[in-house]
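Inspection log for the structure reproduced underneath, given as structure tokens.
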Amino acid sequence: MIQLYNTLTKKKEPFKPLKDGVAGLYTCGPTVYDLAHIGNFRAYVFEDLLHRYLEYSGFKVLRVMNITDVDDKTIKGSQAEGKSLTEYTDRYISAFIEDMEQLRLKKPDYLPRATEHIPEMVSIIKKLLEKGYAYRKDDSIYFSISKFPSYGKLASIDLSEIKPGVRVDVDEYEKEDVRDFALWKEEKENVFWDTELGRGRPGWHIECSAMSMKYLGESFDIHTGGVDNIFPHHENEIAQSEAATGKKFVNYWLHCSHLLVNNEKMSKSKGNFHTLRDLLNKGHNPIAIRYLLLSTHYRDPLNFTDKSLVQAENTVKNYNAFYQAMDFCKTEKEDNSIRPAIEKARKVFTEGLNEDLNISLALSGIFNLIKTANIALTDGAIGVKEAADIKSFLEEIDSVLAILDTEKTELTEEERNLITERGSARKDKNFKKADEIRDKLKAKKIILEDTPYGTRWKRT
RNA sequence: GGCCUGGUAGCCAAGUGGGAAGGCAGCGGUCUGCAAAACCGUUAUGCGCCGGUUCAAAUCCGGCCCAGGCCUCCA
């Protein structure tokens with residue numbers, strides 16, 4: 001049974017979906033006004049782990065990730081470049097999808113764009129107006145939080161504690177109560193939809209309610225995002241959705257902590273702002289970045305440093321080297337320690353992840369297996385069959401971790417010949433020639449290792 | 001000011017009352033023609049600080065210090 005920490009109840013709860021065997025998952029996606037940075041990707045990697053582990057555990061996952069393609073920043077950006085909103089956001093949407101692929105993030109079943117769901121938003125807003133939860137002011141429409149008594153529950157905010165006086169109305173719209181939020185904004189900036197509500201554009205929060213309920217139903221299982229979304233975004237989503245439907249909106253709210261860079265919040269002014277592309281251009285391995293973002297528990301702050309990235313790179317390299325080494329176990333010998341070690345690893349892996357995605361514990365199980373196997377390997381005691389068992393286990397859990405290099409890169413005829421040639425040279429004690437060949441292959445990114453059981457190769 | 005996280009070895013990090021997991025890096029050794037990989041040994045009498053509860057505390061309680069977040073449409 002998977003336990004998940006629920007922000008709504010402030011405790012871990014066993015995960016029970018509304019529909020047996022199916023998990024409805026809504027994960028807040030990007031606002032496409034710029035390239036996503038690694039802080040954003042921390043959230044997406046966490047969501048990917050959740051998605052993959054639910055599937056590993058036997059659930060069918062139905063997942064939605066929204067694309068916010070209309071808001072102040074996208075409008076401003078597109079107008080600054082003299083482009084249409086679509087033209088402007090398309091570029092960042094494709095960049096985002098490419099980045100997701102680099103990090104091996106599973107594609108959600110639906111990636112809906114806000115601009116393609118205006119009618120659904122209008123319909124919710126109409127309902128809120130009818131029920132008296134919303135009001136018009138000029139040509140904008142606001143949600144009245146005073147009508148929704150449980151407002152503040154998710155974020156544990158006591159409304160009387162919010163000091164309206166210090167707030168500036170950044171949107172320059174008039175509201176009855178400054179704490180109310182916009183459902184619909186009157187026409188400005190020449191970006192508008194002509195609807196039954198009048199000309200205008202949707203507020204931010206309403207899109208998530210509209211798109212999640214469209215694809216997952218009025219009530220669904222899990223909603224995730226970064227901690228900074230708790231208030232006001234998710235609080236507002238709950239208010240408007242539940243007010244409109246009269247039903248419980250979401251059962252489990254999961255939030256991941258922020259990523260820090262050198263112990264500081266990432267920000268453009270501090271110059272510690274990394275996009276995925278910056279890091280890849282510097283030659284960093286996307287899988288190591290994935291591992292780094294994955295390997296710290298999602299509710300703990302993650303401090304991103306150059307050193308931690310190097311550590312992740314080494315770990316991923318060693319992990320894959322072990323996986324590849326299994327191909328060179330050719331003996332028929334058997335070691336009785338392997339099968340129980342695999343079972344133990346699987347047990348620790350699932351027990352760890354069941355406990356609110358305790359990835360550190362889960363990984364420790366895997367590394368202990370590798371240790372046991374390496375000891376057996378040193379004795380030459382891993383046979384063909386056991387090596388295959390280990391490989392298939394690593395492939396099995398890679399459906400969750402996605403850090404394995406499984407592509408079968410065979411050697412070319414020429415490369416094979418070079419290795420044979422070097423073998424003969426070594427036999428003849430012609431080490432100069434042997435080393436030359438080794439260097440030559442190294443230049444082609446093939447590393448040779450001479451083990452007691454023959455020469456083994458791997459690609460880097 | 002209110003609410004909420006986190007502080008465990010050089011670095012990352014698990015661990016909610018009774019043996020301080022795991023990863024990365026380092027050092028010494030084994031193996032090797034030399035390497036590489038792997039293995040063996042080594043690296044916190046102590047878990048931010050001070051008190052308290054208990055036979056027993058990283059773990060519970062109180063206070064304090066440090067870092068970060070939210071309280072204005074940031075993952």
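Letters A, B, ... are given to chains in the order of the sequence lines, protein chains preceding strands, and every chain is numbered from 1.
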Q) Looking at RNA chain B, which of residues 234-244 of chain A put a heavy atom within less than 4.0 Å of it? A) none
Q | Which residues share a salt bridge (charged side-chain N to carboxylate O under 4.0 Å, His left out) with A/Lys317, sequence neighbours left out | A | none
Q.
List the residues meeting salt bridge (charged side-chain N to carboxylate O under 4.0 Å, His left out) with A/Glu396, not counting sequence neighbours, and say none if there are none.
A. A/Arg346
In a table with atom names and distances, give each donor-acceptor pair under 3.5 Å that connects a side chain of residues 37-52 of chain A to protein atoms at least two apart or in another chain.
{"from": "A/His37", "atom 1": "ND1", "to": "A/Gly39", "atom 2": "N", "distance (Å)": "3.0"}
{"from": "A/His37", "atom 1": "ND1", "to": "A/Asn40", "atom 2": "N", "distance (Å)": "3.2"}
{"from": "A/His37", "atom 1": "ND1", "to": "A/Asn40", "atom 2": "OD1", "distance (Å)": "3.4"}
{"from": "A/His37", "atom 1": "NE2", "to": "A/Asn40", "atom 2": "OD1", "distance (Å)": "3.2"}
{"from": "A/Asn40", "atom 1": "OD1", "to": "A/His37", "atom 2": "N", "distance (Å)": "2.9"}
{"from": "A/Arg42", "atom 1": "NH1", "to": "A/Ser257", "atom 2": "O", "distance (Å)": "3.0"}
{"from": "A/Arg42", "atom 1": "NH1", "to": "A/His258", "atom 2": "O", "distance (Å)": "3.2"}
{"from": "A/Arg42", "atom 1": "NH1", "to": "A/Asp300", "atom 2": "O", "distance (Å)": "2.9"}
{"from": "A/Arg42", "atom 1": "NH2", "to": "A/His297", "atom 2": "O", "distance (Å)": "2.9"}
{"from": "A/Arg42", "atom 1": "NH2", "to": "A/Asp300", "atom 2": "O", "distance (Å)": "2.8"}
{"from": "A/Glu47", "atom 1": "OE2", "to": "A/Thr224", "atom 2": "OG1", "distance (Å)": "2.9"}
{"from": "A/Asp48", "atom 1": "OD1", "to": "A/Arg52", "atom 2": "NE", "distance (Å)": "3.4"}
{"from": "A/Asp48", "atom 1": "OD1", "to": "A/Lys106", "atom 2": "N", "distance (Å)": "2.7"}
{"from": "A/Asp48", "atom 1": "OD2", "to": "A/Arg52", "atom 2": "NE", "distance (Å)": "2.8"}
{"from": "A/Asp48", "atom 1": "OD2", "to": "A/Arg290", "atom 2": "NH1", "distance (Å)": "2.9"}
{"from": "A/Asp48", "atom 1": "OD2", "to": "A/Arg290", "atom 2": "NH2", "distance (Å)": "2.9"}
{"from": "A/His51", "atom 1": "ND1", "to": "A/Arg63", "atom 2": "NH1", "distance (Å)": "2.9"}
{"from": "A/His51", "atom 1": "NE2", "to": "A/Glu55", "atom 2": "OE2", "distance (Å)": "3.3"}
{"from": "A/Arg52", "atom 1": "NH1", "to": "A/Ser399", "atom 2": "O", "distance (Å)": "2.9"}
{"from": "A/Arg52", "atom 1": "NH2", "to": "A/Arg104", "atom 2": "O", "distance (Å)": "2.9"}

Q) Rounded to the Å, how far apart are A/Asn303 CG and B/G10 P? A) 17 Å
Q.
At a heavy-atom distance below 4.0 Å, what parts of residues 96-116 of chain A sit against RNA chain B?
A. none
**Q.** Residue pairs involving residues 220-243 of chain A (criterion salt bridge (charged side-chain N to carboxylate O under 4.0 Å, His left out); sequence neighbours excluded)
**A.** none
Q. Which whole-number value in Å describes the distance from A/Phe181 CZ to B/C71 C1'?
A. 16 Å
Q: Spell out protein contact along nucleotides 17-33 of chain B as letters: B when the base is contacted, S when just the sugar-phosphate is, - when no protein heavy atom is under 4.0 Å; keep the 5' to 3' order.
A: ----BSBBS-------B
Q: List for me each residue that meets side chain to side chain contact (heavy atoms under 4.5 Å, CB included) alongside A/Asp450, sequence neighbours excluded, and say none if there are none.
A: A/Arg422, A/Arg426, A/Arg438, A/Thr455
Q) Under the side chain to side chain contact (heavy atoms under 4.5 Å, CB included) test, which residues partner A/Ala243, sequence neighbours left out? A) A/Leu128, A/Tyr133, A/Phe143, A/Phe148
Q | Rounded interatomic separation in angstrom, taking CG from A/Asn374 and C1' from B/C40 | A | 13 Å
Q. A/Asp398: what forms a salt bridge (charged side-chain N to carboxylate O under 4.0 Å, His left out) with it, not counting sequence neighbours?
A. none
(Q) Please enumerate all residues that pass salt bridge (charged side-chain N to carboxylate O under 4.0 Å, His left out) together with A/Asp405, with sequence neighbours excluded. (A) none
Q: Between protein and nucleotides 64-70 of chain B, map the contacts as a letter string: B base, S sugar-phosphate only, - none, heavy atoms under 4.0 Å, written 5' to 3'.
A: ----SSS
